[in-house]
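The structure under discussion appears below in the form of C-alpha cells.
All values reported here derive from a predicted model rather than from experimental measurement. Each chain gets a letter, A, B and so on, in the order its sequence line appears, and its residues count up from 1.
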2 protein chains.
Amino acid sequence: MDEPMPGAPTAAAEVAQAHQAAREVFDVVGTKWALSVIEALGADTRRYGELHRQVTGISHRLLTATLRQLEQHGVVERTLHPTVPPRTEYRLTPAGQELQHTINGFCRWSRRHLDEILAARRRSEQA
Amino acid sequence: MDEPMPGAPTAAAEVAQAHQAAREVFDVVGTKWALSVIEALGADTRRYGELHRQVTGISHRLLTATLRQLEQHGVVERTLHPTVPPRTEYRLTPAGQELQHTINGFCRWSRRHLDEILAARRRSEQA
DNA sequence: CGGGATCCTTCCCGATACTG
DNA sequence: CAGTATCGGGAAGGATCCCG
C-alpha cells in the first residue's frame, strides 16, 4: 500500500505525520485531569496549592504528574522561587494559552449540549 | 463578591454548573481513543471495519466500547442495516459534528506546535 | 462482517509516609 | 509549602473465542 520510501515527504506521509502529532496531543489532553488543570490555570500564574484546591477531587500525586507532563510538552511553564518556604508558580506558555482557548471550545460545547448529553445517557441507562 | 440572590441562579452557581458540564465532557473525550475516533469519523458515514483500519492500533474491544460510549452521549449515531453480511454505519450527530470541529482545533494546534512539543519533550527526556 | 463475552495482564491511581 | 517514594487494589486495555 505505501510506496517504498521515496526520500521526499509525500502528501500521505504528511497526513500520517499530522495524525501522529494529533495523537501525541490526544495522549496528553486525553489524561483524566489534563483538561481540568489547563482550564484551571487561567490567564495568570497559579501556585501548586491553589491548583490543588481549584481542581476538586484531584489527588496530590496526579496533580504533580499532570503538571509535569504538561510541562514536558511545552504547555506549562514552572518557576521555582528559592525562598523559604518554597514558592512554585505555574503558568501557561503562549502555546498553552492557545490550547486553553481550544479547550474553552469544549466547555462551550458542553454547556450548549448538556441536556442532550444527559438525555442520551439516561436513555441508554434504562437499557 | 457575589450577591446573595435567593431563588435565582447566582453567577457562582452557573460557573459551578458549567464546570460540571465540562467535566462530563472531559470524561468522555478524555478516553484514550475517543478523540481519534471522532476525528476519524469525518463528515460522512463510516463502517466498523473502516474505522478499525483508520484508527491505527486500537483493539477490537476498545473500538466497540468507544463507539458505544460516544453513542450513549449523543455524539455518534449507529445504523444497522439488516443485510447479510451485516453492515453497520456510524456517523456523527449534529452535536458530534460541532464537537469534531472543536477537536480539529486540537489537530491544528498540534501541527502548529509540533516542533515545540517535540523539543520540550526531548529536553525533558535528557534529564 | 460486526460485536458480545471471557480471560488475563498491565499500569493507573489513591492513600500514606517521608524529604528539602 | 512543594514535592518524591512506595505499595496495594482496581480499572483499563489487549488477545482470543464465539455467535448473529
Please give me the minimum heavy-atom distance between [X] and [Y], naming the atom from each residue.
X	Y	answer
A:His73	B:Ala120	C-CB, 4.0 Å
A:Arg23	B:Ser36	CD-OG, 3.2 Å
B:Ala40	B:Arg46	O-NH1, 2.6 Å

Euclidean distance, atom [atom1] of residue [X] to atom [atom2] of [N] [Å, nearest integer]:
X	N	atom1	atom2	value
B:Asp27	D:dA11	CG	P	15 Å
A:Gln69	C:dC13	CD	P	10 Å
A:Leu63	D:dC1	CG	P	14 Å
A:Tyr90	D:dC1	OH	P	15 Å
B:Arg87	C:dG2	CZ	P	8 Å
B:Lys32	C:dC13	NZ	P	12 Å
A:Leu80	D:dC1	CG	P	15 Å

Do [X] and [Y] touch side chain to side chain, with heavy atoms closer than 4.5 Å?
X	Y	answer
B:Lys32	B:Leu62	no
B:Ile117	B:Trp109	yes
A:Val37	A:Val76	no
B:Thr45	B:Thr79	no

| Got more than 12 heavy atoms from elsewhere within 6.0 Å of NE2, B:His101? |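 No.
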| message | Within the supplied structure, the quantity of interest is the number of heavy atoms (other residues, nucleotides, ligands) at a distance under 6.0 Å from A:Arg112 CZ; does it exceed 12? | response |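 Enclosed.
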| request: Fill in the dot-bracket string of DNA chain D, one character per base: . for unpaired, | for a pair to another strand, ( ) or [ ] for pairs within the strand, taking Watson-Crick or G-U pairs under 3.5 Å. | output: ||||||||.||||||||||.
| field | Nucleotide nearest A:Thr88 (side chain, heavy atoms from C-beta), chosen from D:dA2, D:dG13, C:dG3 | value |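 Closest nucleotide to the A:Thr88 side chain: D:dA2.
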| task | From the options D:dT4, C:dC13, D:dG13, select the nucleotide whose nearest atom is closest to the side chain of B:Leu62. | result |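 Looking only at side-chain atoms, B:Leu62 lies closest to D:dG13.
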| field | Contacting residues from residues 44-58 of chain A, given that a heavy atom lies under 4.0 angstrom of DNA chain C | value |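 DNA chain C contact set from residues 44-58 of chain A: none.
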| Where along nucleotides 15-20 of chain D does protein come under 4.0 Å, by heavy atom, of base (B) or sugar-phosphate alone (S), with - for untouched nucleotides? | B----B
| query | Reckon B:Arg78 has a side-chain N or O less than 4.0 Å from the OP1 or OP2 of C:dG2? | reply |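 No, outside the criterion.
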| query | Reckon B:Thr64 has a side-chain N or O less than 4.0 Å from the OP1 or OP2 of C:dG4? | reply |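 No, B:Thr64 has no side-chain N/O under 4.0 Å of OP1/OP2 on C:dG4.
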| said: Does the plane of the ring in A:Tyr48 sit parallel, tilted or perpendicular to the ring in A:Tyr90? Use 30° and 60° as the thresholds. | reply: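 A:Tyr48 vs A:Tyr90 ring planes: tilted.
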| message | With rounding to the nearest 0.5 angstrom, report the CG to CG distance, A:Leu99 to A:Leu41. | response |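 It is 11.0 Å, given to the nearest 0.5 Å.
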